[in-house]
Engineer: 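Pasting a structure below so you can have a look.
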Amino acid sequence: MNKTALGLVCLGAFLTSALVLASPAAPAQGTVRAFNVRGHGFAFSPGRIEVQKDDIVKITFTAVDIPHSFSMDGPYRVAKRASAGQTVTFEFRASGSERFYCNLTQDERCKGMHGELVVK
Ligand SMILES: [Cu+2]
């Protein structure tokens, strides 16, 4: 990776952190809950998302280093892929707790990427 690319990655990480800090923190039940989730270093950050049943969960997912996906089975059936440095946004209604993971096969370590949607 050359210096320019490294600089861009660092800038991206900084901007994403700023977005995370700017996320609303005091939602009401059944309302839109927005989360910025990063896929980076074969981990999701945050790795745990907690919402209330029937909340509209809006995920802004950024793959920081290499392509990653935000995938969930169960009732959600979500598989959103983002290229390196790219962001995808999607939303769903929270119905039950579910694990999320990266379903890409480019690197074995993606199999170790998972997080948890906790619906109360
Ligand atoms: Cu991945």
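In each ligand, atom 1 is the first atom listed, and ligand 1 is the first ligand listed. Values reported hereafter were calculated over all heavy atoms of this structure, with side chains retained and with hydrogens, waters and symmetry mates removed.
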Engineer: Distance-only criterion, 3.5 Å: show the donor-acceptor pairs between side-chain atoms of residues 89-97 and protein atoms not counting sequence neighbours.
Structural biologist:
{"unit_1": "Arg93", "atom_1": "NH1", "unit_2": "Asp54", "atom_2": "O", "d": "3.0"}
{"unit_1": "Ser95", "atom_1": "OG", "unit_2": "Tyr76", "atom_2": "OH", "d": "3.4"}
{"unit_1": "Ser97", "atom_1": "OG", "unit_2": "Val119", "atom_2": "N", "d": "3.0"}

Engineer: Can you name the nearest heavy-atom pair linking Met113 to Ala43, along with the distance?
Structural biologist: CG-N, 3.7 Å
Engineer: Mind listing the closest non-hydrogen atom pair of Met72 and Phe100 along with its distance?
Structural biologist: CG-CB, 3.4 Å
Engineer: Check the surroundings of atom CD in Gln106: do more than 12 heavy atoms from other residues, nucleotides or ligands lie under 6.0 Å from it?
Structural biologist: yes
Engineer: Ignoring water, what protein N, O or S atoms are under 2.8 Å from the Cu ion (ligand 1)?
Structural biologist: His68 ND1, Cys102 SG, Cys110 SG
Engineer: Between the side chain of Ser69 and the main-chain N/O of Ala79, is any donor-acceptor distance below 3.5 Å?
Structural biologist: no
Engineer: So, the side chain of Asp107 versus the backbone of Arg109: is there a donor-acceptor pair under 3.5 Å, distance only?
Structural biologist: yes
